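Input: a single structure, listed below in C-alpha cells.
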There are 2 protein chains.
Amino acid sequence: MAYRRTADIQARLDAQRARLLAAAIELVATSGYAGCSVNAVAARAGVASGTVYNHFANKSDLLAEVFRTVVRREVDAVRGAATSSGSLTQRTTAIVETFAERALTAPRLAYALLAEPVDPAVDGLRLQFRAAFRDIIADSIAAGVRSAELPPQNASLVAAALVGAIGEALIGPLVGQPDPATVPTLVTFALRSLGASDAAHA
Amino acid sequence: MAYRRTADIQARLDAQRARLLAAAIELVATSGYAGCSVNAVAARAGVASGTVYNHFANKSDLLAEVFRTVVRREVDAVRGAATSSGSLTQRTTAIVETFAERALTAPRLAYALLAEPVDPAVDGLRLQFRAAFRDIIADSIAAGVRSAELPPQNASLVAAALVGAIGEALIGPLVGQPDPATVPTLVTFALRSLGASDAAHA
DNA sequence: GTCTATAGTTCGATAGAC
DNA sequence: GTCTATCGAACTATAGAC
C-alpha cells in the first residue's frame, strides 16, 4: 500500500476534528443552534466547509457530538457534587447549586442543552442525558433513605422529578433576567420535595 | 366569479379537516409521530394523501395542529382542577392527579406530548404549553401564599419547577410498567416541595 | 404563486503525504 | 507514483418576501 495513516497524520486528523468540535461548541454557546451552521463552524475552525464532512457524517451528527461533549462535562460535575461526603442536605444542596450555577454561568449553552428546539436526532439525546442525571440523584436519595435522613420513597421516580424540576425552572431565568434568588429557591424546593427534615429552615 | 365557496361547501371542508385531524390524533395516540405519516393519516380519514395538503401547509403544520388540539384539552382539564374551590392542598392534589392520571390513561399520546423527539417546529410548542401549565399553577401557588397556606416564594419559578417535575417523572412510567404508587408519590412530592404544612402527612 | 436567498450536501480538482 | 485529505464551487431543497 502506498499510503498508510501514520500516527502523525492521525494526530493531525484528531486535532482537526477537535478544532471543529470546539468551534461548534463556541458557536452554540454564543448563538444557539441557529448560529451553528456548517459554514460557520468550518470558518471558525479555519477549514473549508467540505472538510467538515470528513469528520462528521452530516450536520446532525456534528450537533449530536457537540451535545454529548458538553453534557458529559455537566454530568461529571453533578456526579462530583453528588458523591461528595456530607449529609443528604449537603449533597442535595451541592447537586442543585452545581447544576444551576453552571447553567446560569453559560445561559445560552444551557438553554441549548435543556430546551432549545432542535433536530429530533439530537432531541433524543436529551432523554438519555436526563436519565444520567436521574440515576446520579437517585443514588443520593436512596442513600438518604437508608440512613433515615429521608422518609421512604421511590428514589428513581423522585429523582426524575427533581431533574425535570430544576431543568424546567431554569429555562425562564436562562432566557430572561434571572431573579438573584433563583438558586436558593431551587435548593429549598429540592430539600422540601424530598421531605428532608430541615428543609423548612433552609 | 365562477366558483363561490358556499356555506355548504365550507361545512364539508371543515368536516374533512376535522376528520384528518382526528385521524392524525388517533395515529399519534397509537404509535407516536412515527406512525403519523401523511399517507397513514389520509388513509385513515378516507381521502387521498394529496388532499391533506389542501388543509395543511405541510406535515409540520399538521403535527403542530395535532399538538395544539390535544394539549388544549389537557390545559383545560388542569385549569379546571386548579380553579376548583378548596384548600391549597386540595387544589394541588387535584392538579397533580388530573395531569398524571390523564397522562397514564393515554400513555402513548402523553409521551408524544411530553418527550418524544419531534420536528423542531412542534418541539417549540412544548415550551409554550409548559408555560401555560406554569401560569395556571403559579396562580394557585400565589393564592396559597396570600392565604398563608404556603410560605412566601417565587410562585412562577416554583410553578415551572413543578411542571417540569411532573412531566419528567411521568416519562418513565409512560414508557414502562408504572409503579401503582406513581400518582400518590407525585402528589406528595408536589405538596412537600411547596412547603405545605400538612405535606408530611399526605 | 413565483422568485430569491440561504444552508446542507456533494463532488471533481488539487496538493501533499507515503 | 499512488493515495487521501482538503478545498470550494455547484447542486438541491427549503423558507421567506414580494
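Throughout, protein chains are lettered first and strands after them, A, B, ... in sequence-line order, and every chain is numbered starting at 1. These numbers come from a predicted model, not from an experiment.
- Protein atom CD of Gln16(A) is 13 Å distant from nucleotide atom P of dA17(C), rounded to whole Å.
- Rounded to whole Å, the distance from CG on Leu27(A) to C1' on dA7(C) is 15 Å.
- For Val38(A), counting side-chain heavy atoms from C-beta on, the closest listed nucleotide (dT9(C), dA5(D), dC7(D)) is dT9(C).
- Among Arg91(B), Gln153(B), Glu149(B), the single residue meeting the side-chain contact (heavy atoms from CB on, under 4.5 Å) criterion with Ile141(B) is Gln153(B).
- The nucleotide whose nearest atom lies closest to any side-chain atom of Ile9(A) is, among dG8(C), dT6(D), dC18(C), dC18(C).
- Asp61(A) places its CG atom 10 Å from the P atom of dT9(C), with the value rounded to the nearest Å.
- Atom CG in Asn54(A) sits roughly 5 Å away from atom P in dT6(D) (whole-Å rounding).
- Rounded to whole Å, the distance from OH on Tyr53(A) to P on dG12(C) is 17 Å.
- Side chains of Leu88(A) and Ser147(A) form no contact here, defined as non-hydrogen atoms less than 4.5 Å apart.
- Residue-to-nucleotide proximity on DNA chain D shows that, of His55(A) and Ser49(A), the 5′-proximal contact is made by His55(A).
- Comparing Gly50(A) and Ala34(A) along DNA chain C, the residue whose closest nucleotide (by nearest heavy atom) sits nearer the 5' end is Ala34(A).
- Between the CG atom of Asp119(B) and the P atom of dT14(D) there is a distance of 12 Å, rounded to whole Å.
- At a threshold of 4.5 Å between non-hydrogen side-chain atoms, the residues Asp179(B) and Leu157(A) do not count as touching.
- We find that CG of Asn39(A) is positioned 18 Å from P of dT12(D), with the value rounded to whole Å.
- Rounding to whole angstrom units, NZ of residue Lys59(A) and P of dT6(C) are separated by 15 Å.
- The pair Arg79(A)-Asp76(A) meets the salt-bridge criterion, with a side-chain N (NZ, NE, NH1 or NH2) lying under 4.0 Å from an Asp/Glu carboxylate O.
- Counting non-hydrogen atoms under 4.0 angstrom, Asn58(A) reaches the backbone sugars and phosphates but no base.
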